[in-house]
Amino acid sequence: MTGPAAPGGRAASAPLLGSDTEPTVFELSVPGRRAWSLRTTEVPEVPVADLVPVAFRREDQVELAEVSERDLVAHVTRLSHRQFSVDLGAYPLGSCTMKYNPKVCDAVAALEGLAGVHPAAPPSLTQGWLSLLVELERALCELTGMAAATLQPAAGAAGELTGLLLMRAWHQAHGSVRHRVVIPDSAHGTNPASVTLGGYQVTTVPTDERGCVDLDALCRVLDEDVAGIMLTNPNTLGLFEEDITTIARKAHDVGALLYYDGANLNAILGVVRPGDMGFDIVHMNLHKTFATPHGGGGPGAGPVAVAERLAPFLPGPRPVALEPDEEGTARFGWTVPPQSIGRVHGFHGNALVLARALAYLLVNGGDGLRRVAELAVLNANWLRTRLRGTFDAPYDRPCMHEAVLSARTLRDRFGVRALDVAKRLLDEGFHAPTIYFPLIVDEALMIEPTETESLQTLEALAQAFERIVAEAAASGPAEAHAAPHHTPVRRVDEARAARHLVATYDARH
Amino acid sequence: MTGPAAPGGRAASAPLLGSDTEPTVFELSVPGRRAWSLRTTEVPEVPVADLVPVAFRREDQVELAEVSERDLVAHVTRLSHRQFSVDLGAYPLGSCTMKYNPKVCDAVAALEGLAGVHPAAPPSLTQGWLSLLVELERALCELTGMAAATLQPAAGAAGELTGLLLMRAWHQAHGSVRHRVVIPDSAHGTNPASVTLGGYQVTTVPTDERGCVDLDALCRVLDEDVAGIMLTNPNTLGLFEEDITTIARKAHDVGALLYYDGANLNAILGVVRPGDMGFDIVHMNLHKTFATPHGGGGPGAGPVAVAERLAPFLPGPRPVALEPDEEGTARFGWTVPPQSIGRVHGFHGNALVLARALAYLLVNGGDGLRRVAELAVLNANWLRTRLRGTFDAPYDRPCMHEAVLSARTLRDRFGVRALDVAKRLLDEGFHAPTIYFPLIVDEALMIEPTETESLQTLEALAQAFERIVAEAAASGPAEAHAAPHHTPVRRVDEARAARHLVATYDARH
Amino acid sequence: MGTYTPHTDDEIADMLAFLGLDTLDDLFAAIPEAIRLQGRLELADGVGEPDVLAHFTELAEANLARNDRMLCFAGGGAYDHEVPQVTRSLAGRSEFVTSYTPYQPEVAQGVLQAVFEYQTLVSRLSGLPISNASLYDGATSLVEAVNLGVAAAGRNQVWVSSGVHPHWRQVLATTAAGTGHRTTVVPLLDGTTAWPEPDPNDPPGVVAVALPNYLGCLEDLSVARRLCDATGAQLVVAFDPVAVGLLRSPGAWGADVAVAEGQPFGTALGFGGPYLGLFSTTTAHVRRLPGRLVGETVDVDGRRAYVTTLRAREQDIRRDKATSNVCTNQTLMAVTAAIQLSWLGTSGLVEVATRCARGARYARDGLLAIDGVEPYATAPVLREFALRLPVPADLLIERMAEAGFLAGIALGDHYQGGSHAVLVTVTERRTRREIDAYLAAFADAVRP
Amino acid sequence: MGTYTPHTDDEIADMLAFLGLDTLDDLFAAIPEAIRLQGRLELADGVGEPDVLAHFTELAEANLARNDRMLCFAGGGAYDHEVPQVTRSLAGRSEFVTSYTPYQPEVAQGVLQAVFEYQTLVSRLSGLPISNASLYDGATSLVEAVNLGVAAAGRNQVWVSSGVHPHWRQVLATTAAGTGHRTTVVPLLDGTTAWPEPDPNDPPGVVAVALPNYLGCLEDLSVARRLCDATGAQLVVAFDPVAVGLLRSPGAWGADVAVAEGQPFGTALGFGGPYLGLFSTTTAHVRRLPGRLVGETVDVDGRRAYVTTLRAREQDIRRDKATSNVCTNQTLMAVTAAIQLSWLGTSGLVEVATRCARGARYARDGLLAIDGVEPYATAPVLREFALRLPVPADLLIERMAEAGFLAGIALGDHYQGGSHAVLVTVTERRTRREIDAYLAAFADAVRP
Ligand SMILES: Cc1ncc(COP(=O)(O)O)c(C=O)c1O
Ligand SMILES: Cc1ncc(COP(=O)(O)O)c(C=O)c1O
């Protein structure tokens, strides 16, 4: 009587009610069902055969799912109940700055006058957007202490590559051929990967015992073959590179440029600026620092700001303020910088993400942004201090916006690894911290509470960590190894996924 | 170090991660926190003392919760994860018509040009709304076979009271003093309660063994003291009152009016109309039949449509089409019927609910609405036929949109009551059916699948019921008595709530 | 035709076969042929969702008074307060929107807890310990309050100040035809109620008064309270839930029942609905409470849980003896109000009330400086006020609309000389610049 | 100042005390005094959310080209397709919007499963079995495809048809400065690519072509495929994912990599972003795949589960040897596309593609009947087409804007004679009445 299709109206798979497996949308599909509803157009109904020459026509249909709107809604809503998010709880995921994203930004991004604009519409019809982009660029330059910026890069890594291409164009314009870019061993993986794409080789410098770039080692590798140094400051250990001005001087002395990975900008907003530290190129992760929500893995936005001398190389077209018109009204247009490296995005970047970021900047204002940094650092240090006895503290000194601890002793004494701590924390109602990064810290736990979490939440988080350690000490690693216990699925077999690759529903059999 | 406040950023209470207790917003509160953000107005800052004469001024502040936006969002989002809803799964709640609510209606209700209109704005400024209301009234009259309607009543019960007041006004205008209203013993509780508020006494007539009004009994109580008969057809057993035209004739013979409780209208859309059955007054539950979502218990809308002769008594003001203007453009205004019973709502009724209902009507159209009825009845009969061997079928014949079964045998043989079946069904990923209603059926299970559930969902629902019965047969009532097992809280102590009333957070101590 | 049903033709055929039927029509065999609809409904066939959305967009465009185009200075029970995106987003979560009345508490803790918080918040606003889970709107709350009062007092003589919203009084009058309450409307004198001496042979069972009243005026409620004390009547106070951010609460004045329109807390103007009836009373009256009540309890594991309680008052159990006929209420608006009130918090409520009062003061001062514009009453006002005009109020409103303002509400025939009087309201959303523009336009509009 | 931080002054004091610090400034002791910001940022102080919303509303109003005011006949990689409320509502659920990259699969099954479904759908569209979890946009997908192709072929000579979107070609040129690829742009001849004979000493490693191309023309991809077969080059096909509802898929033409702009599936025009790069390839290339890949597996209880897999390709593990530097991608748009494609379903995709083609046919016939308007090329077209105009395209566009139409996109200097040529697109949203009005306005606008 019933076909092989799965029931769509059954909530058994919602964690609210149990923990069944949610069928895929393909399993909900029944031939002939539909959800779509299109407008009545009265356009003449030319047959498909007359529209598409037979040589180009497909014979079959693209098989998609065939479901009712009801079943689609239930399916996706149930999926959403299987997903942790900032809106459900704290996400102390180091290096990711998973702060609360104000809802007002959703309202901004939903404005039809922003969301409904075609990117190819000419400037005369898009003055609002151009004005917005120019305003954002100015604010970002002020925050970073730079002269000009491109808003095109779609994420941090895209910003990095853009920055490296700027570096390359700069050296090329100055007749200098260089092959290497220096990065610390604690750097995020995107840094070396971008270096390669930028056509350079990576030279890695070690971290010293204080958790900063080993200055001597750096000096040893610095020469006229070095195109630039990529740093993040605070670095990925959450520590401020105190020698930054020295590093900048040394870099500039050999004609290298200093690149700032802005993923950790949250820590220093309104306190110190990359430009003032001596950086030449800065990318920002608006989806971290400026509270544009992360969307389960994107979209982000990775604008790149540069010092004056690099501005002529920026990607184009760039939005610019033109001379005001006769009535004094501001006018905006596009310009391509004279030595532009070219486009780095199909249109103008992730524009609606940019709009969100500007909204966040304006609500907070200069005063509020400094407050953001202060409280992000306060929270991280409170948690670090609170937990330094619970875990190992490989770099035991004041941190900036995040703290890197280690589960080394826990592993050695009780067999509980950072991974186990992370999984057990899920049972405690928190997202896990970042683990095993930076790579240089054994059993790393990288904890970034962000400024939007309250002291009460930090206390609960600390107690949760303490309970996990106490549990291991009292009764061994079994509970932690078996964790998580209360999640929609329990510990997932990652190895099997790679061994028997099933990357589409069609590959299941 | 930490205050007594609860952590706000911890998701332990979300069913995704466990099943802690979610603190109340008052427990998340910390003096001095805030989420609000208002516009900059530059209105002169007169001190409060100059604004409010001391005799009227409060000394303390109204203590509300003091939370950050972040904690508020997490709190409410977690609450939402503790709530079943149509968007998560099937809701076969008899008498409630919990069908899927198309999302396009949300878009309609969100239109600023509808949602942002003040109810006291004059007709010249609200032509869109007036036109909408007139269009809806016409469609509802066509669907019910009536002449005119009021859109003011805010829910079904408000519609009933309106209908009874119309009945009273009608009789009064005809110089007839009557005291009783007849309702069947299967009627919904709002019917007798409304009768009382309408100033009448309830006369109950029994249901016969076929599940319909006992015609003889009805005839016995019908006389010139009867102001009206309230019926729902299909009735609350899901059965069509086949003698309806006879009943109508008998009612009219003694000068009584026939009132239609439209809660079950879904079953007959486009098939048969209350007006054609002989009804004089009809209320509709737009929040059931016309897919305006139920909101966890409201808002609804309960328009009342009447036969021509009752139109002069309708509540006012009523929206009406006026003469078109010189250019032929339709114009709309308000009118108060000559013998109007008066207002029944503070403004014009639950206007945005009305807009949703009209959108649903227009997308479906006349053809689609008939289809709704057909498939609602098809689904109910499929499920009834499938389950008639699993439960008792006290009225074992074709039903309309819902089927009433009974867990009598299950109780008698295995000690599992309708309540237990309901709770166990929650573990199976479905909402429970309505139980113990109508009151005349022992251990009633009232199942209304609605037309938006698929055959696959019905099959899964049937199997779930079967499993519950099989479980009881195989291993007794223990599992069912202890159910539900997988819900955010388990079986709730209802008696204690009434015994030790705690109806506010402040009453907790 | 809509696309919200999942059935394919094959499935329909299978299901009919299972039932032993040939056609869908056979499903309706129980319906006598004679009354079956012959032919089709006179309703157009279904169309695409975008067509319908386009139709409503056109209707919406035809509403000139829409709030995003015309600055709102109208109030009178429906207020243009800030509704932040956070309230919209949270209240719009589909778990709240698409759930039913919480009949199964184990899977309805979300709505139940939100309503529990709502009840707490309403009680703190009203100053009375028991609040229900909502009623339809302010008007129906008043009706239920009077019904409760009459039942408690055992007397059906109801005195209602004409300072109570005129529409609410009309709804009361409508329902009184059924309940048989005798309603006496007590006039205002220069903005406050002129209570008569009670007739010892027919004293009121209920006395109803507004805080502030419809003209925006503050009344000394101790007068009404004394009247109740003297006669044994129940005091019903219809209050402005924003104004109580600054004003003594109904509870503090000694109200037995307090009712209000809860729309100001996060609900759209929406042409008058859906709104939210707030209802609070004393513990003594809890078993007379209309509508639903959520209470705290525990589950079998001892975990805190919520449930609807004292259900024996309700229509589904007590039937014709129920305290009220209300079943479906305005839960989603109650949840919305709980969210909005928690967004405002202690300081936000005061801030909003203060800003409203400041805006009203500034606007009123400016308006009274216009030639021919006079106060309608001299009693103190807070955030709304009535003015006498040298021109008909309807004319003023039409003229102001052309200038881009919803100027206020004509008092109309509800009050003496009301055709030339307007009720003006200023909320926290109005900026000084907007008020200045309003004042300038008003000065033009009252020129004869 | 923003209100998104919860700390009260008391709590800050407590926390500082716990750290043994006196002031918040002490937190930054590690930062050398010399570089610390002296004074304040030149950024205005924070303001209220409504102020900011008002500012953006003003900016939005200043965009005359907004879609709710000007009928869109522009395409060129960004399309005005129907986005139903159901897609908006579901994709807007905060669990998707506010979650991070699914590093902890146990609490990220929602996103992971949605992406798994997305990968399946993209593979069915492209006709190639492996699809990643998304890239930034069509342009960056092309870049990654070329990088993959070069790595696979071991040759960095890249032939790109000038039928590929001009912006995408520009991005490719930009990144080629880093990768060192040598790019040859192959011109079109009357709308289709005129592939040259390969130089046996420097044959292409990658051949890239579009389906349909930027001018809307259909090309016979077997020519490019044969070229690849002859030279051992990898065939990259940039396809229109809506058009493949009617057209043979890239996979069917023998593509090694297929890329597309996924914006048409539920994503707003949004002034060009965030969009969605689709990326598919053959199983042979799976270890060269850029970006994230979700795979199916089981949990310890044997329940089906999803996880990101083959992670060893990625930058966080492989660092400078990674297949790509992409980390954050466009997951929310991928989830959106999965929802929108399931809303469309098998029949809906065909329906949309057909309606686009019909509208385009109808509009094109009407436009070609206008004096002086000529086809830019004679190759067959589907849903977009280019026209030669008797007036500059920029002038046409400005004139049409006044009449309420976004007329299309000027071909500009990307194509010969492009200053007097326009690319016109018709989607399923355009009604006959709208197209008729467009035709009438067009006829006026091309008058010299
Ligand atoms: C330190 C650091 N640099 C760069 C990146 C890359 O940014 P994106 O993921 O936006 O490409 C990240 C992201 O996690 C990061 O943490
Ligand atoms: C048969 C019947 N009549 C009347 C009503 C009352 O409608 P409402 O809850 O909208 O007041 C209901 C609601 O459940 C019902 O099922």
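Heavy-atom basis, side chains included; hydrogens, waters and symmetry copies ignored. Computed from a predicted model, the values in this text were never measured in an experiment.
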Between [options], which residue shows the highest count of heavy-atom pairs closer than 4.5 Å to chain C?
{"options": "B:L132, B:D506, B:V202", "value": "B:D506"}
{"options": "B:V86, B:V492, B:L143", "value": "B:V492"}
{"options": "B:Q127, B:R496, B:R370", "value": "B:R496"}
{"options": "B:D276, B:T196, B:D106, B:V46", "value": "B:V46"}
{"options": "B:G199, B:S85, B:A158", "value": "B:S85"}
{"options": "B:S194, B:A55, B:G342, B:A157", "value": "B:A157"}

Part of [X] lying under 4.5 Å from any heavy atom of chain C:
{"X": "B:L165", "value": "side chain"}
{"X": "B:L93", "value": "side chain"}
{"X": "B:H431", "value": "side chain"}
{"X": "B:A121", "value": "both"}
{"X": "B:N101", "value": "side chain"}
{"X": "B:I244", "value": "side chain"}
{"X": "B:L352", "value": "both"}
{"X": "B:I341", "value": "both"}

Between [options], which residue shows the highest count of heavy-atom pairs closer than 4.5 Å to chain B?
{"options": "C:L59, C:T98, C:T101, C:N67", "answer": "C:T98"}
{"options": "C:V111, C:V300, C:L247", "answer": "C:L247"}
{"options": "C:A34, C:C72, C:P105, C:A139", "answer": "C:P105"}
{"options": "C:L293, C:T57, C:L332", "answer": "C:L332"}

Electrostatic pair B:R82:C:E95 at N-O distance under 4.0 angstrom:
no
Look at C:E106 together with B:K423 and state whether they make a salt bridge at an N to O cut-off of under 4.0 Å.
yes
May I ask you to check whether B:F240 and C:F28 place their ring centers less than 6.0 Å from one another?
no
For B:H348 and C:F271, take the angle between the two ring planes, folded into 0 to 90°, and tell me which bin it lands in: parallel under 30, tilted 30 to 60, perpendicular over 60.
tilted
Parallel, tilted or perpendicular: rings of B:F347 and C:H165 (30°, 60°)
perpendicular
